K.L.:
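Starting off with a structure, shown below.
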Amino acid sequence: MAHASDHNGILLQNLKDAGCDDKTIQSCMILFQKNDMAEVKRLLSRHKRKLLEAVHIYQKEIDCLDYLMFQMEHGKHEGASCIIQI
């Protein structure tokens with residue numbers, strides 16, 4: 001764990017914890033050293049959008065499972081399919 005005064009170490013750990021890939025981490029670290037915070041924020045926003053897309057995909061899958069389980073619990077499992085319009 002990085003010390004509170006180790007800004008590079010804190011940034012590195014946060015990027016890792018956020019699931020950033022090595023390329024994103026390396027780019028952010030370089031940009032941070034250059035004090036280009038606008039570009040760091042752009043890269044982090046792009047990573048956040050990617051994570052949110054994954055969340056939405058998983059949410060759709062969870063909704064399908066919930067629907068299927070509901071149908072099965074109420075004896076309506078014959079021909080049950082999950083069609084969710086996005």
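All of these numbers come straight from a predicted model, not from anything done at the bench.
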K.L.:
Can you tell me how far apart CG (Asp36) and NZ (Lys41) are? Round to the nearest 0.5 Å.
P.N.:
11.0 Å
K.L.:
What's the separation between atom CE in Met29 and atom OG1 in Thr24, rounded to the nearest 0.5 Å?
P.N.:
13.0 Å
K.L.:
CG/Leu52 to CD/Gln59 distance, rounded to the nearest 0.5 angstrom?
P.N.:
12.5 Å
K.L.:
What are the two closest heavy atoms between Cys28 and Leu11, and how far apart are they?
P.N.:
O-CD2, 4.4 Å
K.L.:
Kindly compute the distance separating CG (Leu12) from CZ (Phe32), expressed to the nearest 0.5 Å.
P.N.:
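Nearest 0.5 Å value for the CG-CZ distance: 11.0 Å.
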K.L.:
With no hydrogens and no angle check, just 3.5 Å: does a side-chain donor-acceptor pair link Gln26 and Asp22?
P.N.:
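No, Asp22 and Gln26 have no side-chain donor paired with an acceptor closer than 3.5 Å.
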K.L.:
When rounded to the nearest 0.5 angstrom, what distance separates CD in Gln33 from CG in Leu31?
P.N.:
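If I round to the nearest 0.5 Å, the distance is 10.0 Å.
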K.L.:
Is there a path from Ile30 to Met37 through hydrophobic residues (I, L, V, M, F, W, Y) whose side chains come within less than 4.5 Å of each other?
P.N.:
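No.
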K.L.:
Hey, is Glu39 close enough to Arg42 for a salt bridge, meaning N to O under 4.0 Å?
P.N.:
yes
K.L.:
Looking at CG of Leu51 and SG of Cys20, how far apart are the two atoms once the value is rounded to the nearest 0.5 Å?
P.N.:
7.5 Å
K.L.:
If you look at every heavy atom in Leu43 and Arg46, which pair is closest and at what distance?
P.N.:
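The pair with the smallest heavy-atom distance is CD2-NH2, 3.0 Å.
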